[in-house]
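Beneath this line is the structure, given in structure tokens, with notes to follow.
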Amino acid sequence: MTSTMAVLVAGLVVVLLAVYVSWRAGRLDRLHIRLELASESMEAALTRRRAVVLELAGSRLLDPATSLVLAAAAHEARIAGPEEREHAESDLSRALRAAVDQERFREKLAESPGGADLLEELDAAVAKVVYARRFYNNAVAVTRTAQRRWLARTLRLAGHTDYPSFFEIDDNPPATMATE
């Protein structure tokens, strides 16, 4: 009788352990999916911001020097490789702040035909970059924490994936930008 009980208890422990390990593996998988989606969302937001900046630079609503600076920064951000990406996107943020924070920039642009629409698009694109990067970095932090847990490391539940890295850029919006 006691040997039967011991076998049943051992079997129950094994089943519960298997269920827990399966749950942890599923959670890690869901976190990796969330991380991929956050990465794609951030990439879309960055691409949209570059597109709006290029549209603004080519709109002939700005002075030639400002147009050239914005276009060059957006182009550099577009062609930057993985190693230079954060730096190039930060440069675009700084160029955008320098342009938009000029005296009466928003008023002059809003008075131009099509300028108000461009300002709205720019405000939305800049805000989406801020939110998308925060969401991505939050997903990275949660995933890294889950990957560092003892069980995940011991049983290699994350497979051979590297720890995800944070995307750190200067994404502060211009001071005059209407943010919520």
Side-chain angles (χ1 to χ4, degrees), residues 28-147 161-180:
L28 252 173
D29 187 48
R30 288 188 304 276
L31 288 173
H32 282 107
I33 291 169
R34 176 181 169 209
L35 185 64
E36 287 178 26
L37 292 173
S39 176
E40 291 171 7
S41 175
M42 183 179 64
E43 182 60 38
L46 290 168
T47 300
R48 180 67 186 144
R49 180 179 73 160
R50 288 190 304 263
V52 171
V53 169
L54 283 172
E55 184 178 349
L56 179 63
S59 69
R60 296 183 180 202
L61 299 175
L62 306 178
D63 62 276
T66 302
S67 292
L68 184 61
V69 167
L70 289 176
H75 177 71
E76 287 300 317
R78 187 177 64 82
I79 65 168
E83 298 297 319
E84 307 90 26
R85 183 74 186 282
E86 291 175 353
H87 182 69
E89 291 292 348
S90 292
D91 285 347
L92 177 57
S93 294
R94 286 188 285 272
L96 194 54
R97 269 197 312 271
V100 174
D101 287 343
Q102 293 177 31
E103 188 177 329
R104 291 193 24 84
F105 176 87
R106 294 183 71 81
E107 292 82 9
K108 289 178 193 174
L109 197 58
E111 293 167 358
S112 305
D117 293 336
L118 271 175
L119 278 174
E120 284 180 30
E121 283 186 66
L122 187 62
D123 288 348
V126 168
K128 283 180 184 177
V129 166
V130 171
Y131 296 132
R133 188 182 71 83
R134 285 182 190 159
F135 187 75
Y136 172 78
N137 283 342
N138 182 23
V140 167
V142 171
T143 303
R144 287 174 71 126
T145 300
Q147 284 181 340
T161 59
D162 294 328
Y163 285 125
S165 57
F166 293 99
F167 191 73
E168 297 298 335
I169 64 170
D170 173 5
D171 62 356
N172 293 327
T176 60
M177 192 153 279
T179 57
E180 289 135 29

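What you see is a predicted model, and the numbers here were worked out from it, not measured in a lab. Residues take their numbers from the sequence shown, with the count starting at 1.
For Tyr136 against Ala38, the heavy-atom pair with the smallest separation is CA-CB, 3.8 Å. The nearest pair of heavy atoms linking Phe167 to Asn137 is N-OD1, 2.9 Å.
The shortest side-chain heavy-atom distance between Arg106 and Asp123 falls under the 4.5 Å cut-off. Contact annotation: the side chain of Arg34 approaches that of Asn138 to within less than 4.5 Å [non-hydrogen atoms, C-beta and beyond]. At a threshold of 4.5 Å between non-hydrogen side-chain atoms, the residues Ile79 and Glu76 count as touching. When side chains are defined from C-beta on, Leu62 counts as touching Leu109, because their heavy atoms get closer than 4.5 Å. Gln102 has its side chain out of reach of Lys108: every pair of non-hydrogen atoms, C-beta onward, lies at least 4.5 Å apart. Val129 has its side chain out of reach of Glu89: every pair of non-hydrogen atoms, C-beta onward, lies at least 4.5 Å apart.
Heavy atoms of other residues, nucleotides or ligands lying less than 6.0 angstrom from CZ of Arg104 number more than 12. The 12-atom threshold is not exceeded at CD of Glu83, counting heavy atoms of other residues, nucleotides or ligands nearer than 6.0 Å.
Of the possible polar contacts, none joining the Ser41 side chain to the Leu37 backbone as a donor-acceptor pair under 3.5 Å is found. Judged purely by atom type and a 3.5 angstrom limit, Asp170 has no side-chain atom pairing as donor or acceptor with the backbone of Asp91. Side-chain atoms of Arg50 do not come within 3.5 Å of backbone N or O of His75 as any donor-acceptor pair.
A side-chain donor from one of Ser93 and Arg49 sits under 3.5 Å from a side-chain acceptor of the other.
Residue Leu92 holds its CG atom at 7.5 Å from CG of Leu70, rounded to the nearest 0.5 Å.
We find that Arg85 and Glu43 are joined by a salt bridge, their nearest charged nitrogen and carboxylate oxygen being less than 4.0 Å apart.
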